Amino acid sequence: MPFKRPAPEPHPRSDSQSLESSSSALQPSKHARLEPSEKAIPDVTLYIVQAKLDPSSLSELFRLAERHAQRLCSNATEADVIITTIRMRRRLERHIPWTLAKQKAIVTPQWLRDCVKQNKVLPCVDYAAIQELRTETEKNCPECNLAPCLCGDSDSEVETPSNQPASSKHRPTKAGLEETQESDMHAKIPARLLHPDPSIPTPLDKLNYASRYACRRASPLTCPNQELVRELDIVHRSRAMESEERNALSYQRAISVIKAYPHRITSVSQVQKLPFIGQKTGTMVEEFIDTGKIEEAQTILASDRFKALSLFTSVYGIGPNTAHRLYSLGLRSINDLEIYYGVERDEPQATGPSELQEVEMQKRPHYWRGQDQDKGNRKHGLGDSWIRIALELREDLAIKIPRAEVEEMERIVMAELAELEPGCVSTIVGGYRRGKPESNDVDIVFTHPDAGVMKGLCKRFVRRLYERGMVSHVMHLSGFHGHNPLRTTHWDSLEKALTVFTLPNSSQIHNGIRRRLDMIFAPPEVYWTAVIGWSGSIMFQRDLRQWAKDKLAMKFDSSGITRRYDSKMFFPKTEKEAFDLLGLEWVAPEWRNADA
Ligand code: TTP
Ligand code: MG
């Protein structure tokens, strides 16, 4: 039965009585039945909030609902799912009483579009329209009543809810992207691996900027004292480049504390009592308040040595030790490096990708030293063969990667992976997950519900990407290492490949720019610890380890949580559960920016 075409929404109401009467002219008659032919969403009653929907979107939604839903109702009280573009509680309350809203699943229009596209009811939580109602949306999702629940923390094995790469469920915003990969995502995946980041908002009031541990502070991407942080970071980087590690760490800690300080610093007394603000940093803070600069930082910036070492270490794979050596040889510029390494700027690469891959796979499998050590390469470097190539790639690798391209890279990679091994899930980690608008590289953690599948998958997958022309270089490809409870080495036991990747012509963004792509393959039981470890920031996860050690006598790293005294391992089923296990308040990734 055709529905009336939408008309402008009437004035806002605040109670369900008025809501019902006001909406009836705009919504279909109560429980209007559609033709049974194209029913794809059985037994779900929909209510569309028309406010803020332009006429063409509105008619599109009506059309989709008409064609695919069984019922559209004219009264929100009777709906299972409420569709709205409204994102804020206050606005929604003008149309739906809050008490009623809490009893419903409230989703964005994309939910309906995707349900129709995929011909099934999708979990509502991934499309929750009102952040504050995510939990309720999850709980009231009709999908849970139709099939084994995908929305909770259950361990049960259930069918994947979608044929999109499951990772996209971490980001409802991605739901609008066209998915080309339609096949084989129906493998059985435990709900816990699909569960998106917990909806619980970061309890900022429970975090404490004066804590000694960055993992108990809320650290935004940009803080009210960002200029000061920038100045202090010059000193920090200089110390790091001079291999004065303890001193560098002191600055890194002070920066991390200031990063979480929620007020603008106008007097040193505000921060003097905070942890890791010693006399030296206190003086620098004071100087900055007075002059807007820190003299030592300015002197460092102007020094030829700092300039040269910064330039050298900006080449991926050159760490401080190599940079010192090059500097002591009298080299000062990239041009000097190119001459030294015999790089012909306008000539094709001396080392072809296939040769490189052999070199790096076989001869350099061991430089990753765990996450304590600058991704393993910054201090000791990758060796001359790599540096030659890194110099050739330098211009590309220096271009930052916007978020849309990060997402496209993951989409393409997941589509490829699904062909090789259906049923994998992934999370984009690193700076992207913390909300950085642009990243230096892309870091993705993968897993599969079947731990057996993970073994060797990294190598197989890199080989495939290489053969498909997407991966041109592999800097590191680890084998699988068992967990090492004694921690005699700093290895995490995850398979990982640090690669150079280019989006194929078929992708939505094809700019031909070569990008750094790090892929980490975690067995399912340590997926969430891998996600946490690789989400960073460096100080955040460093202090997470410190906290686990100091307070719980536990060992935390990307490859698991271990109780020290008996080496018992713990396997959190969600990221939130990992925080709970460590006795920590949940901190959303956007608040983990504890580095400059
Ligand atoms: P990176 O990719 O080096 O850093 P990033 O993703 O935070 O930022 P960008 O790529 O834009 O420069 O590292 C990814 C994560 O790996 C990082 O967030 C935390 C972890 N990591 C460490 O734990 N220790 C380290 O020394 C480094 C470099 C990274
Ligand atoms: Mg990164």
Side-chain angles (χ1 to χ4, degrees), residues 214-215 219-222 233 236-237 240-241 243 245 248-249 252-253 255-256 259 310 313-320 367-382 390 396-403 405-407 409-410 413 426-446 475-476 478 490-492 494 496-501 513-522 529-548 555-559 575 587-596:
C215 54
S219 313
L221 194 57
T222 309
D233 193 46
H236 158 240
R237 282 190 288 126
M241 265 180 321
S243 300
E245 275 150 28
L249 185 58
Q252 211 173 355
R253 285 197 165 124
I255 287 167
S256 179
K259 216 44 214 303
S310 301
T313 51
S314 76
V315 176
Y316 184 81
I318 296 188
Y367 73 82
W368 175 274
R369 300 256 180 267
Q371 297 191 346
D372 260 341
Q373 301 221 4
D374 282 6
K375 270 190 157 179
N377 60 24
R378 291 195 191 158
K379 189 150 192 294
H380 303 292
L382 287 179
D396 274 13
L397 299 190
I399 304 169
K400 302 248 186 200
I401 316 172
R403 293 180 73 79
E405 192 173 337
V406 174
E407 288 161 18
M409 282 170 66
E410 194 226 17
V413 163
S426 66
T427 299
I428 308 175
V429 287
Y432 171 89
R433 190 156 186 254
R434 300 196 310 277
K436 275 174 80 169
E438 294 179 318
S439 300
N440 290 308
D441 67 5
V442 178
D443 310 284
I444 306 178
V445 176
F446 304 90
M475 279 80 75
H476 171 67
S478 68
H490 281 293
W491 276 94
D492 71 23
L494 306 176
K496 57 187 94 63
L498 317 183
T499 70
V500 176
F501 177 93
I513 303 176
R514 288 161 299 184
R515 303 298 202 181
R516 284 267 303 103
L517 169 66
D518 290 351
M519 295 182 283
I520 302 97
F521 290 77
T529 50
V531 167
I532 294 173
W534 280 81
S535 290
S537 71
I538 292 171
M539 284 309 282
F540 186 91
Q541 60 94 15
R542 184 188 187 102
D543 279 1
L544 204 61
R545 292 202 306 274
Q546 196 65 46
W547 168 268
K555 174 89 196 171
F556 172 90
D557 71 22
S558 295
S559 49
E575 194 179 32
V587 181
E590 294 79 4
W591 293 98
R592 298 182 201 166
N593 288 290
D595 289 84

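Values in this document were obtained by computation on a predicted structure and should not be read as measured data. Counting convention: from 1, in listed order, for ligands and their atoms alike.
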Item checked: Minimum non-hydrogen distance to atom 19 (C) of ligand 1, winning option of G430, S439, G536, G431 ->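 Result: the heavy atom closest to atom 19 (C) of ligand 1 is in G536.
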Next item on the list: Specify which N/O/S atom of D443 comes nearest to the Mg ion (ligand 2), by atom name.
Entry: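 Closest to the Mg ion (ligand 2) among those atoms: OD2.
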Next item on the list: Calculate, to the nearest 0.5 Å, the distance between atoms CZ and CE belonging to R516 and M475 respectively.
Entry: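 Taking CZ in R516 and CE in M475, the distance rounds to 4.0 Å.
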Notebook entry, point to check: CZ of F501 to CG of D441: how many Å apart, nearest 0.5 Å?
Noted result: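 Reported to 0.5 Å precision, the distance equals 13.5 Å.
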Next item on the list: For L221, enumerate each residue passing the side chain to side chain contact (heavy atoms under 4.5 Å, CB included) test, keeping only those at least two apart in sequence or located in another chain.
Entry: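 By the side chain to side chain contact (heavy atoms under 4.5 Å, CB included) rule, L221 matches K436, P437, N593.
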Notebook entry, point to check: Taking only residues two or more places apart in sequence or in another chain, which ones pass side chain to side chain contact (heavy atoms under 4.5 Å, CB included) with S219?
Noted result: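 In terms of side chain to side chain contact (heavy atoms under 4.5 Å, CB included), with neighbours along the sequence ignored, S219 is linked to R217, A260, A594.
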Pull out every atom of ligand 1 sitting under 4.0 Å from any heavy atom of [X], numbered as shown with elements.
{"X": "S535", "value": "18 (O)"}
{"X": "Q541", "value": "22 (C), 23 (O), 24 (N)"}
{"X": "R434", "value": "7 (O), 18 (O)"}
{"X": "K436", "value": "8 (O), 9 (P), 11 (O), 12 (O)"}

Check: Considering only heavy atoms, does N440 approach ligand 1 within less than 4.0 Å through its side chain, its backbone, both, or neither?
Finding: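 N440 to ligand 1: contacts from backbone and side chain alike.
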Next item on the list: Assess S558 for proximity to ligand 1: is some non-hydrogen atom of it under 4.0 Å away?
Entry: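 Contact absent.
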Notebook entry, point to check: From the Mg ion (ligand 2) out to just under 2.8 Å, does an N/O/S atom of D441 turn up?
Noted result: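 For D441, the answer is yes, given that an N, O or S atom comes within less than 2.8 Å of the Mg ion (ligand 2).
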Note to self: If I apply the N/O under 3.5 Å rule, does D441 come out as touching ligand 1?
What the structure shows: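 Such a contact does occur with ligand 1.
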Check: Can a donor-acceptor pair be found between the side chains of Q541 and R545 at a distance below 3.5 Å?
Finding: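 Short answer, yes.
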Checklist line | Minimum heavy-atom distance I428-V442, with the two atoms named | finding: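 The pair with the smallest heavy-atom distance is CG2-CG1, 4.5 Å.
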Note to self: Treating S535 as the side-chain partner and V429 as the backbone partner, does any N or O pair qualify as donor plus acceptor under 3.5 Å?
What the structure shows: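 Here the side-chain-to-backbone pair does not exist.
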